[in-house]
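Heads up: the structure comes next, in structure tokens.
One is the number of the first residue; the rest follow in order along the sequence. As the structure is a computational prediction, the values presented were derived from the model and not from experiment.
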Amino acid sequence: MNPASPIPAGALAGRPTLAFVDATRSGSGRILWGMTVVERQVRELARLGIARVAVWTSEAVAPTVRRLRADFHDLYTVEVRFPLASGPEELGRALAEVDEPVLLLQGDVVYDERVLAELVQTGPGIAVIGVDGAGAVHLEPAQARSLGAGLGAGRPLAELADEAGCRRRRPEELEQYVPSLRLVMVPLLERVPGTGSLGRLERLMYRRTFKGVIDAVARYGYYHLVRWITRGLSRTSLTPNLFTVLSVVAVWAAVPCFAAGRFGLGVAVAWVGVLLDSVDGKLARLRLHLSESMGAFEHLAAMPGLGLWYAATGWHLSGSQLLTTLPMALVTWGFLAAFLADKAVTGGFRSLTGRELFDVRPLDAAFHLVAARRNVSLVLLTLGALADRVAWAFTVAAAWTVATLLFHAVRFSWLVRRRGAAAGS
């Protein structure tokens, strides 16, 4: 997984703890990736430190909107109320009575976490409004009274926010780079239709869980398969953490298979680990079931297992003679050295600049499609197992890992020198 981090509690001093959600429209109760649109909003708000949420519903949508997933209260500590409203004027009157800053959301809108974070962190007096009028606002009590007075007339939120003295921003004006996903994208702010297909919106949300710079295997190989698996799992009570553990187990289970020369079984088990590793992150982000500890566990546990794939394969191919100068033993040690050195180069660049080396320029992103990372190396080993030429495939994978290391080392040196020159000018 690659979960986004909630804002630290200590950083929320003076920020809102109350939110109102206008969930009177039918789109508020529709299900996206295993939960209602409103529950998704409440989870996002809870991650931002909002302690109390009042979800104003109509009688038509209340039965669906009030239905929360079984894991909700296990994951989030937030007080949620569901008052009924016969019309928007009741919500307006409630806004007029608040005596503290309040966030106002539209219950039939999917909000990117950056939209809500912008409202929370900037403070009262700001609205983020999309092209179709979908949006949210952060209001001082006086602004809440002003805006609430106009809600009953059914006027657009943008107009009411302007009259209340809120500074309006568009999603395009917010931060577009998402470091955890290595992806540049305009924050999502889209209204959910009351009827009709949600396929396009589901696909859009899924795409935004995939890292922007990925290898060709992930982009063109199992992209749709993982989406299909994730969609089915999103409707169940199975947790992403379960698939994190299973992915690590599968990665490590491939090691004895390779060591024993059972390469067909080894690559099959390894691919199960790869797919589960992709599924757990997508499921965690789409269901907002995020775990920092499991993300750290996966990172620490999976990488050694990957290195052991190569060591176990080389051990078998060298006839258990890795501590010799046999050609396959030398290939194995060269493979492992290049693998670790490449990790050091890319990790060092990230520590130095705060950005991934393969995410800096279009050239780096293009090379990453075919760079000798886990998936590309596993494709080569799979082809070798299918053709009964594992030694040849292993040697090619080792040589390509060396080539990848050299490319990254050259790019590291050039980019760091250029960065230093720009800082000194």
Would you find more than 12 non-hydrogen atoms of other residues, nucleotides or ligands less than 6.0 Å from D74 atom CG? yes
W315 CH2: over 12 foreign heavy atoms closer than 6.0 Å: no
Across all chains, not counting sequence neighbours, the side chain to side chain donor-acceptor pair (under 3.5 Å) partners of R203 are none
Using side chain to side chain donor-acceptor pair (under 3.5 Å) as the criterion, list what pairs up with D342, not counting sequence neighbours. R373, H408
Sequence neighbours left out, cut at 3.5 Å: what donor-acceptor pairs do the side chains of residues 247-270 make with other protein atoms?
from	atom 1	to	atom 2	distance (Å)
S247	OG	F243	O	3.4
S247	OG	T244	O	2.7
W252	NE1	A301	O	2.8

Any side-chain donor paired with an acceptor under 3.5 Å for Y177 and D359? yes
Closest non-hydrogen atom pair between T57 and A62, with its separation: OG1-CB, 3.4 Å
Heavy-atom closest pair, residues M328 and A391: CE-CB, 3.9 Å
Run the ring-centre check on F367 versus F407 and record whether the distance is less than 6.0 Å. yes
Looking at [X] and [Y], would you say the former's side chain and the latter's main chain have a donor-acceptor pair under 3.5 Å?
X: R69; Y: G34; result: yes
X: S413; Y: A409; result: no
X: E44; Y: R40; result: no

Test of understanding: with side-chain contact (heavy atoms from CB on, under 4.5 Å), list the residues that count as partners of S278, not counting sequence neighbours. F210, Y222, V226, K282
Got a salt bridge between E113 and R208, using NZ or NE/NH1/NH2 to carboxylate O under 4.0 Å? no
side-chain hydrogen bond (donor to acceptor under 3.5 Å, both in side chains) between T239 and N241, worked out: CA-CA 5 Å; T239 71; N241 293 347; 4.9 Å; no
Mind checking what makes ring pair (Phe, Tyr, Trp, His ring centres under 6.0 Å) contact with H138, not counting sequence neighbours? none
Among residues at least two apart in sequence or on other chains, which ones pass ring pair (Phe, Tyr, Trp, His ring centres under 6.0 Å) with Y310? F335, F339
Show your working on side-chain hydrogen bond (donor to acceptor under 3.5 Å, both in side chains) between Y220 and D215 and close with a plain yes or no. CA-CA 9 Å; Y220 304 111; D215 58 73; over 6 Å; no
Does NZ or CZ of R231 lie under 6.0 Å from the centre of the six-membered ring of W228, at an angle within 45° of the ring axis? no
Sole residue of V137, L157, L189 in side-chain contact (heavy atoms from CB on, under 4.5 Å) with Q106: L157
